[in-house]
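To start, the structure itself, in structure tokens.
Source: prediction; values computed, not measured.
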Amino acid sequence: MAAALGLRGAARSLLGRGRRQCAGRAGLAAVCSRSMASKTPVGFVGLGNMGNPMAKNLMKHGYPLIIYDIFPEACKDFQDVGQVMASPADVAEKADRIITMLPTSVNAIEVYTGPNGILRKVKKGSLLIDSSTIDPSVSKELAKEVEKMGALFMDAPVSGGVGAARAGNLTFMVGGPEQEFAAAKELLGCMGSNVVYCGAVGTGEAAKICNNMLLGISMIGTAEAMNLGIRLGLDPKLLAKILNMSSGRCWSSDTYNPVPGVMDGVPSANNYQGGFGTTLMAKDLGLAQASATSTKSPILLGGLTHQIYRMMCAKGYSQKDFSSVFQFLREDENF
């Protein structure tokens with residue numbers, strides 16, 4: 001943990017990478033106009049592309065929010081309907097149930113254990129739920145630090161992307177004491193349609209890392225198949241239709257197709273803006289690579305996928321959605 005905590009100095013510059021798609025404040029205020037007096041406030045730290053709609057769904061279910069983000073502009077949607085704090089520690093002072101949604105392990109370490117972190121003012125008996133995708137070993141170490149303060153830590157990373165976050169139908173993979181799962185599910189169920197208990201602390205992260213490795217592999221496979229079909233003269237919409245009624249069907253082909261013009265409402269229809277950034281996919285694949293090394297697990301396709309997304313980051317795709325791998329493959333000079 002000491003080595004990990006030494007990363008704090010870099011955390012502030014990293015928090016909130018690839019962020020900011022906020023909706024109008026007035027609309028949220030209208031949704032939240034009903035009385036919230038019957039429910040105790042919930043803390044929420046990290047209001048990026050995923051955290052923003054997740055927090056809004058909590059408010060739609062009647063939970064007042066105590067919020068913080070390192071970028072003040074990220075809090076603008078909540079200024080009239082929630083309490084904006086100056087630090088994670090201040091959130092912990094006001095709320096005994098806190099959800100964090102952060103980009104990296106470094107950010108999570110800083111938010112929980114930094115000079116102005118949650119553990120500086122956490123209340124005994126507090127429930128701390130981290131929905132970030134981070135190294136399982138970091139989740140385990142954070143749980144130990146939280147336990148020393150008389151509080152409880154659970155990891156609960158999510159799957160589904162920004163669209164599912166807005167719609168409130170994310171999948172949560174939860175790790176922690178089973179007897180506390182019901183308490184976590186009460187909150188997570190406001191933001192997701194699937195809340196799955198995985199086991200001890202760290203198992204939620206393990207499930208998420210495996211899922212995202214498969215997602216990265218399948219996205220590249222879909223992009224390669226679509227690119228090949230187009231170059232063979234097939235209409236991309238027709239090809240997508242055929243794939244989606246055949247054995248090649250997958251989420252990357254039928255829900256998040258990477259080819260511009262095939263689907264509406266996905267990043268490929270918007271110059272690959274929004275969604276799940278290439279940088280974050282590369283980060284998650286790096287977590288899978290590290291876990292594979294520590295467990296001596298062969299991930300041949302996972303390792304190659306990691307290298308492709310790292311190459312994309314170096315070639316100017318870091319801020320684009322990870323489905324931009326199709327665009328990357330289309331550029332002949334890459335290969």
Side-chain angles (χ1 to χ4, degrees), residues 36 38-46 50-51 53-67 88 91-92 94-102 105 108-109 111-113 117-119 122-161 164-165 167-212 214 284 287 291:
M36 295 182 178
S38 62
K39 294 188 176 180
T40 57
V42 174
F44 205 106
V45 178
M50 293 292 290
M54 288 168 64
K56 287 177 179 177
N57 280 323
L58 276 174
M59 297 195 79
K60 289 175 184 177
H61 281 80
Y63 287 97
L65 290 188
I66 312 294
I67 64 171
V91 173
K94 295 279 188 178
D96 58 14
R97 291 181 295 176
I98 302 172
I99 296 169
T100 54
M101 188 63 177
L102 307 161
S105 297
I109 292 166
V111 162
Y112 279 92
T113 68
I118 288 170
L119 296 189
V122 69
K123 302 174 185 178
K124 287 187 177 181
S126 291
L127 173 61
L128 310 178
I129 303 173
D130 183 35
S131 287
S132 318
T133 299
I134 61 175
D135 191 315
S137 65
V138 173
S139 292
K140 293 174 183 178
E141 292 298 330
L142 288 176
K144 292 177 183 178
E145 297 301 313
V146 169
E147 185 178 6
K148 291 177 184 178
M149 305 302 294
L152 176 71
F153 177 94
M154 302 183 82
D155 60 306
V158 306
S159 179
N169 58 12
L170 290 165
T171 293
F172 285 88
M173 294 152 269
V174 185
E178 188 170 9
Q179 65 271 24
E180 302 296 339
F181 176 62
K185 189 175 182 179
E186 175 191 337
L187 295 178
L188 301 179
C190 297
M191 302 175 286
S193 54
N194 299 296
V195 184
V196 183
Y197 180 69
C198 298
V201 169
T203 57
E205 298 293 356
K208 175 61 187 295
I209 288 170
C210 292
N211 177 81
N212 276 25
L214 179 57
D284 289 357
L287 294 175
S291 296

_Any donor-acceptor N/O pair, Tyr63 side chain to Ala55 backbone, under 3.5 Å_ = no
*Rounded to the nearest 0.5 Å, how far does CD of Glu205 lie from CG of Asn212?*
10.5 Å
_Within this structure, what is the CG-CD1 distance for the pair Asp284 and Ile134, rounded to the nearest 0.5 Å?_
11.0 Å
*If you measure from CE on Met101 to OG on Ser132, what distance do you get to the nearest 0.5 Å?*
6.5 Å
*Identify the two heavy atoms, one from Gly202 and one from Pro136, that lie closest to each other, and give their separation to 0.1 Å.*
O-CB, 3.7 Å
*If you take all heavy atoms of Val45 and Leu102, which pair is closest and at what distance?*
O-CD2, 4.0 Å
*Working to the nearest 0.5 Å, report the span between CZ of Arg97 and CG of Leu187.*
4.5 Å
*Just wondering, do Thr113 and Leu142 contact through their side chains at under 4.5 Å, heavy atoms?*
yes
_Looking at Lys144 and Glu147, is there a salt bridge between them, counting it only when a charged N and a carboxylate O are closer than 4.0 Å?_
no
*Considering all heavy atoms, the nearest Pro88-Val111 contact*: CB-O, 3.7 Å
*asked:* Ser131 vs Ile99, test: side chain to side chain contact (heavy atoms under 4.5 Å, CB included). Steps then yes/no.
replied: CA-CA 7 Å; Ser131 287; Ile99 296 169; 4.2 Å; yes
*Say you draw a straight line from CD1 of Ile66 to CZ of Phe44; how long is it, rounded to the nearest 0.5 Å?*
13.5 Å
*asked:* Among residues at least two apart in sequence or on other chains, which ones pass side-chain hydrogen bond (donor to acceptor under 3.5 Å, both in side chains) with Thr100?
replied: Tyr112, Asp130
_N/O donor-acceptor pair under 3.5 Å between Lys208 side chain and Val158 backbone_ = yes
*Please report the C-alpha distance between Cys190 and Leu58 in whole Å, then the side-chain angles of each, then the deciding distance to 0.1 Å, and finally whether the side chain to side chain contact (heavy atoms under 4.5 Å, CB included) criterion is met.*
CA-CA 6 Å; Cys190 297; Leu58 276 174; 3.9 Å; yes
*List for me each residue that meets salt bridge (charged side-chain N to carboxylate O under 4.0 Å, His left out) alongside Lys148, sequence neighbours excluded, and say none if there are none.*
Glu145
*State whether the number of non-hydrogen atoms from other residues, nucleotides or ligands found under 6.0 Å of Gln179 atom CD is greater than 12.*
yes
*Compare every heavy atom of Ile129 with every heavy atom of Leu188, then report the nearest pair and how far apart it is.*
CD2-CG2, 4.2 Å
*Output, in order, the C-alpha distance, side-chain angles, deciding distance and verdict of side chain to side chain contact (heavy atoms under 4.5 Å, CB included) for Met154 and Val201.*
CA-CA 6 Å; Met154 302 183 82; Val201 169; 5.7 Å; no
*Between Met173 and Ser159, what is the shortest heavy-atom contact and its length?*
CE-CB, 3.7 Å
*Determine the minimum heavy-atom distance between Lys123 and Asp96, stating which atoms define it.*
CD-CB, 4.3 Å
*State which residues pass side-chain hydrogen bond (donor to acceptor under 3.5 Å, both in side chains) with Asp135; sequence neighbours excluded, sorted by chain then number.*
Ser137
*Quick one: does Asp155's side chain have a donor or acceptor within less than 3.5 Å of a partner on Ser139's backbone?*
no
*For the pair Val146 and Leu119, evaluate side chain to side chain contact (heavy atoms under 4.5 Å, CB included) and give the outcome as yes or no after the intermediate values.*
CA-CA 7 Å; Val146 169; Leu119 296 189; 3.8 Å; yes
_Side-chain donor/acceptor of Lys185 to backbone N/O of Tyr197, under 3.5 Å_ = no
